[in-house]
Amino acid sequence: MQMWRAGIFKSTRSKELGVRSKNLNSLPLAPCSLLEKGFTLIELLVTLSILSITLSFVIPRIMGREEAELKSAARKLLYTVRRFSDEAVFKKERRVLNVDIDNNEYRKGDDGKRTQLPSGISIDHLQIGKEEIKKGTASITIFPSGFRDEAMIHLTGKEKGKGYTVVIPALGERFEIRED
């Protein structure tokens, strides 16, 4: 029986007879079971390269998860305010957004569904006009004419240095999210 292993031709018949192979510099042939133990250098390199490529995609996602949640919460709050503004204009009704700083939540009016911010994300403070509010509940009113209370809602994460501000303009300007 003949077989190829790692580019070297071996004959099992010569192994049985104890004949030395010319390809192995006159060393006796080792049984196949000894040659199959361990990993080749190529197998190790391929495995390490796959691991490094995988980790290069996974680690940044894990490390930036809190920042992504913070930005997502800011976007969700911005879309809620924008939707309330659109509803007020189209239905010709006044809308109110109540922001509860102590409980890190906001809701539509007094009886609306409460939206809780994700854990680790908090409302640092709220600025309506020139007044800065750090505790309690504050209301942002949106009128049917499209006019609304000028406000800024500051959201922070566990890392106190990182935060986003949702800017609500008084009239006609664009809503925006600013990175602190």
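Side-chain atoms of R148 and S85 form a donor-acceptor pair, as typed in the model, at a separation below 3.5 Å. In this structure, a donor-acceptor pair under 3.5 Å is absent between the side chains of T156 and D124.
The environment of CZ in R94 is sparse: at most 12 heavy-atom neighbours from other residues, nucleotides or ligands sit within 6.0 Å.
No side-chain heavy atom of T165 sits less than 4.5 Å from a side-chain heavy atom of L155. Between F143 and E93 there is no side-chain heavy-atom pair separated by less than 4.5 Å. Residues T137 and I101 are not in side-chain contact: their nearest non-hydrogen atoms beyond the backbone lie 4.5 Å or more apart. Looking at heavy atoms from C-beta onward, R178 lies out of side-chain contact with Y164 at the 4.5 angstrom threshold. Side-chain contact between K108 and R95 is present, with heavy atoms from C-beta onward closer than 4.5 Å. Contact of the I133 side chain with the H125 side chain is not registered, since no non-hydrogen atoms from C-beta on lie closer than 4.5 Å. Using a 4.5 Å cut-off on side-chain heavy atoms (C-beta onward), L97 and V81 make contact. Counting only heavy atoms from C-beta outward, the side chains of I153 and L77 approach each other to under 4.5 Å.
Hydrophobic clustering of Ile, Leu, Val, Met, Phe, Trp and Tyr side chains at less than 4.5 Å, counting indirect connections, keeps M152 apart from V99. In the hydrophobic cluster analysis, where Ile, Leu, Val, Met, Phe, Trp and Tyr join through side-chain heavy atoms closer than 4.5 angstrom, I123 is grouped together with I128. No chain of hydrophobic side-chain contacts below 4.5 Å, direct or via other Ile, Leu, Val, Met, Phe, Trp or Tyr residues, connects I168 to V89. Linking ILVMFWY residues whenever their side-chain heavy atoms come closer than 4.5 Å, directly or via other members, leaves Y79 and V167 in distinct clusters.
Between D100 atom CG and K135 atom NZ the span is 13.0 Å, to the nearest 0.5 Å. Distance check, rounded to the nearest 0.5 Å: CD of E131 to CG of L126 gives 9.0 Å. Put simply, CD on E43 and CG on L45 are 10.5 Å apart, with the number rounded to the nearest 0.5 Å. Rounding to the nearest 0.5 angstrom, the gap separating the CD1 atom in I121 from the NZ atom in K71 is 13.0 Å. Atom CG in L44 sits 10.5 Å away from atom OG in S49 (nearest 0.5 Å). In this structure, CD1 on I140 lies 10.5 Å from CZ on F84, to the nearest 0.5 angstrom.
S56 places a side-chain N or O within donor-acceptor distance of the main-chain N or O of I53, the cut-off being under 3.5 Å.
Cluster partners of I42, by chain and number: V46, I50. The rule joins Ile, Leu, Val, Met, Phe, Trp and Tyr whenever side-chain heavy atoms lie under 4.5 Å apart.
A salt bridge between E179 and K162 is present, with a side-chain N of the basic residue lying under 4.0 Å from a carboxylate O of the acidic one. Here E132 pairs with K134 in a salt bridge; the nearest charged N to carboxylate O distance falls below 4.0 Å.
The shortest non-hydrogen separation linking S139 to N98 is OG-OD1, 2.5 Å.
For the side chain to side chain contact (heavy atoms under 4.5 Å, CB included) test with R75, the passing option among V166, I177, L70 is I177; the others fail.
Contacts of R83 classified as side chain to side chain contact (heavy atoms under 4.5 Å, CB included), with partners at least two apart in sequence or in another chain: T80, E87.
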| task | Show your reasoning for whether side chain to side chain contact (heavy atoms under 4.5 Å, CB included) applies to R107 and T115. | result | CA-CA 6 Å; R107 65 185 178 278; T115 303; over 6 Å; no

